J.: 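Supplied in structure tokens, the structure appears directly below.
Note that the numbering runs from 1 along the sequence shown for the chain. Only a predicted model underlies this, so the values are computations on that prediction, with no experimental measurement involved.
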Amino acid sequence: MLYSDFKDKKLSTLGLGCMRLPVIDGDENKIDIEKAEEMFDYAMENGVNYFDTAWGYHGGNSEEVTGQILRKYPRDSYYIASKFPGYDLSNMDKVEEIFEAQLAKTGMEYFDFYMLHNVCELNIEQYLDEKNGIIPYLLKQKELGRIKHLGFSSHARIRAFKKFLDAVGEHMEFCQIQLNWLDWDFQKAAQKVDILNKRHIPIFVMEPLRGGKLANLPEDQASVLKELRPGESTAGWSFRFLQSVPGVSVVLSGMSTLEQLKENIQIMSVNRPLNEREGMVLLYTGRDLIEPLPCTVCRYCTTHCPQGLDIPVLIALYNEHNSTDSGFIAPMAVDALPEDKRPSACLGCHACNDVCPQKIKIAEAIAELAERIG
């Protein structure tokens, strides 16, 4: 296993994400503890020492199972990470109650790494609101040794991402972002990497395989990669890409089977970053996987919209939603918009269609987005 330096710690570059543990009869709330323990044991035996859980994973059961399994090992042999669930705004005034419950659920006296979960447009003001006292409370827990390292995870767009860092970046020791070769351009991951590197904030990676999508490429894309690196698996390409990105400390993978864990450990036991040509081919392959509406953000449409909708943003959310088979990011971002600026506010007047230089059927796309996310 390869390791990265973080302060005084050696972190395994592969971390076990505890969001997709094996379950019983397809029920995400019922973790198969026997199979999960087998995976944890294999991970520990093969050098993995970073385990990432959260309040909401597996219907609230991930923290308990993660702590239960890890407690049989010496406390200094692993690092456990969890998160304050600010993705649910009803939690914002409960930071002390939730933090104490998390320590109790895991059976830990402290968390090695603790994050503000998913800082984004929906919750950034509440995270920063002094009335909620979230960051002061967590900094106090750090002073008391109950949090060793404080950071945040984020799916935010660039403006909110920068705003949060400008406000409290001095206290953030690491940042967890969605980073993979498909999202390098598509979700502006490259910009986030640049921002974090300039601030010297270590990067922890989530969704390196985009929920498994990048481990199961269409044959025409997979054959191109295989020709370049005959011995590399499609999953391996994603990890090699991340080995090429400066500032990456830990790559978290939400593995559901022992076989997936074994494959990923084997890959991350060797450092084989992509060369420039390989990286360019991979990013080009990503463009082939996504067929977005070709918005150039000229904003002709917004000047003609009687509702004043930010149409380029809505198109970006439409593209995101299509590329992830209806994931959670677009609904979350729409929830953060005022009601009169959401896709449902579109009148269907087609004024935007008439002025679009790219001839995008904007009104139809917005109507589809409104219908799909509700």
Side-chain angles (χ1 to χ4, degrees), residues 1-20 39-54 66 70 73 76-83 111-115 148-149 151-153 172-184 189-190 192-193 196-197 200-212 214-215 229 231-275 278-279 282:
M1 175 55 58
L2 300 172
Y3 295 89
S4 62
D5 293 320
F6 183 95
K7 310 279 181 164
D8 59 341
K9 297 174 171 60
K10 292 281 187 183
L11 304 181
S12 57
T13 55
L14 177 67
L16 201 162
C18 303
M19 185 175 71
R20 298 188 179 99
M39 289 178 63
F40 277 56
D41 289 345
Y42 187 88
M44 290 288 289
E45 289 166 8
N46 288 273
V48 175
N49 63 13
Y50 189 94
F51 299 84
D52 174 89
T53 184
T66 298
L70 287 178
Y73 291 98
D76 61 356
S77 65
Y78 60 84
Y79 303 110
I80 182 171
S82 197
K83 312 171 187 75
F111 289 114
D112 300 283
F113 294 84
Y114 195 82
M115 285 163 267
K148 300 302 181 183
H149 302 287
F152 72 108
S153 70
M172 298 295 110
E173 298 177 80
F174 65 102
C175 176
Q176 191 163 299
I177 60 172
Q178 181 166 319
L179 176 56
N180 53 66
W181 54 270
L182 193 63
D183 288 319
W184 186 247
K192 292 178 181 177
V193 166
L196 293 170
N197 280 332
H200 306 289
I201 297 176
I203 299 166
F204 290 22
V205 174
M206 54 181 159
E207 299 294 351
L209 299 174
R210 242 191 185 238
L214 302 185
R229 284 196 177 195
E232 197 75 78
S233 66
T234 50
W237 272 87
S238 293
F239 289 108
R240 302 306 178 205
F241 170 77
L242 294 170
Q243 289 179 337
S244 313
V245 177
V248 170
S249 294
V250 176
V251 177
L252 294 163
S253 183
M255 297 162 279
S256 303
T257 68
L258 183 60
E259 290 69 29
Q260 291 172 352
L261 176 63
K262 287 180 177 179
E263 179 184 2
N264 291 349
I265 287 176
Q266 184 178 23
I267 292 169
M268 292 298 281
S269 293
V270 181
N271 188 35
R272 291 183 185 144
L274 303 183
N275 60 39
E278 291 168 335
L282 191 62

J.: Backbone N or O of L252 within a donor-acceptor pair of the D52 side chain at under 3.5 Å?
T.: no

J.: With the side chain counted from C-beta on, respond yes when L274 and R229 share a heavy-atom pair under 4.5 Å apart, and no when they do not.
T.: yes

J.: Contact between M1 and N46 at the side-chain level, heavy atoms closer than 4.5 Å - yes or no?
T.: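 Sidechains of N46 and M1: no contact.
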
J.: Could you tell me if the side chain of I265 sits less than 4.5 Å from the side chain of Y42, heavy atoms only?
T.: yes

J.: Just how far is it from atom CD of E259 to atom CE of M39, taken to the nearest 0.5 Å?
T.: 9.0 Å

J.: In Å, rounded to the nearest 0.5 Å, how long is the span from CZ of F239 to CD of Q266?
T.: 12.0 Å

J.: Check each of Y73, F51, Y50 against F40 using the ring pair (Phe, Tyr, Trp, His ring centres under 6.0 Å) test, and report the only one that passes.
T.: F51

J.: So which heavy atom on L179 is nearest to which on A189, and how close?
T.: CD1-CB, 3.7 Å

J.: Can you tell whether the side chains of E207 and R20 come within less than 4.0 Å, N to carboxylate O?
T.: yes

J.: So which heavy atom on A235 is nearest to which on A215, and how close?
T.: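 Looks like CB-CB, 4.0 Å.
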
J.: Between the side chain of T53 and the main-chain N/O of C18, is any donor-acceptor distance below 3.5 Å?
T.: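 Not a single qualifying donor-acceptor pair exists.
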
J.: Mind checking whether P202 and F6 have side chains closer than 4.5 Å, heavy atoms only?
T.: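 Answer yes - side chains close enough.
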
J.: H149 and Y79: aromatic ring centres closer than 6.0 Å?
T.: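 No: the rings miss the under 6.0 Å criterion.
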
J.: Please round to the nearest 0.5 Å and tell me the distance separating atom OH of Y78 and atom CD1 of I80.
T.: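 Spacing of OH (Y78) from CD1 (I80) equals 6.5 Å.
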
J.: Compare every heavy atom of I177 with every heavy atom of C175, then report the nearest pair and how far apart it is.
T.: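 So the two residues come closest at SG-CG2, 3.6 Å.
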
J.: Can you tell me if D112 uses its side chain to pair, donor with acceptor, with the backbone of K148 under 3.5 Å?
T.: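 No.
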
J.: Would you mind reporting whether Q243 and V251 have side-chain heavy atoms less than 4.5 Å apart?
T.: no

J.: Under a 3.5 Å distance rule, please check whether S238 uses its side chain to pair with a backbone N or O of L209 as donor and acceptor.
T.: no

J.: Is any side-chain heavy atom of W184 less than 4.5 Å from a side-chain heavy atom of V245?
T.: yes

J.: At their closest point, which heavy atom of R210 faces which heavy atom of L182, and how far apart are they?
T.: CD-CD2, 3.4 Å

J.: Is any side-chain heavy atom of K83 closer than 4.5 Å to a side-chain heavy atom of Q176?
T.: yes

J.: Tell me, with the steps shown, if E173 and K7 meet salt bridge (Lys or Arg N to Asp or Glu O under 4.0 Å).
T.: CA-CA 10 Å; E173 298 177 80; K7 310 279 181 164; 3.4 Å; yes

J.: State, to 0.1 Å, how close P273 and E278 come at their nearest heavy-atom pair, and which atoms those are.
T.: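 Heavy atoms only, the tightest pair is O-OE1, 4.4 Å.
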
J.: Can you tell me how far apart CD (Q260) and OG (S253) are? Round to the nearest 0.5 Å.
T.: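 Between atom CD of Q260 and atom OG of S253 there are 7.0 Å.
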
J.: Looking at NZ of K192 and CG of D183, how far apart are the two atoms once the value is rounded to the nearest 0.5 Å?
T.: 8.5 Å

J.: Do V205 and N180 come within less than 4.5 Å of each other through their side chains, counting heavy atoms only?
T.: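 V205 does not reach N180 side chain to side chain.
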
J.: Fit a plane to each ring of F113 and F204, take the angle between them on a 0 to 90° scale, and name the class: parallel (under 30°), tilted (30 to 60°) or perpendicular (over 60°).
T.: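 Taking F204 first and then F113, their aromatic rings sit tilted (interplane angle of 30° to 60°).
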
J.: Give, for atom CG of L14 and atom CG of N49, the distance between the pair rounded to the nearest 0.5 Å.
T.: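 The CG atom of L14 sits 10.0 Å away from the CG atom of N49.
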
J.: Any idea which heavy atoms bring S233 and E263 closest together, and the distance?
T.: OG-OE2, 3.3 Å

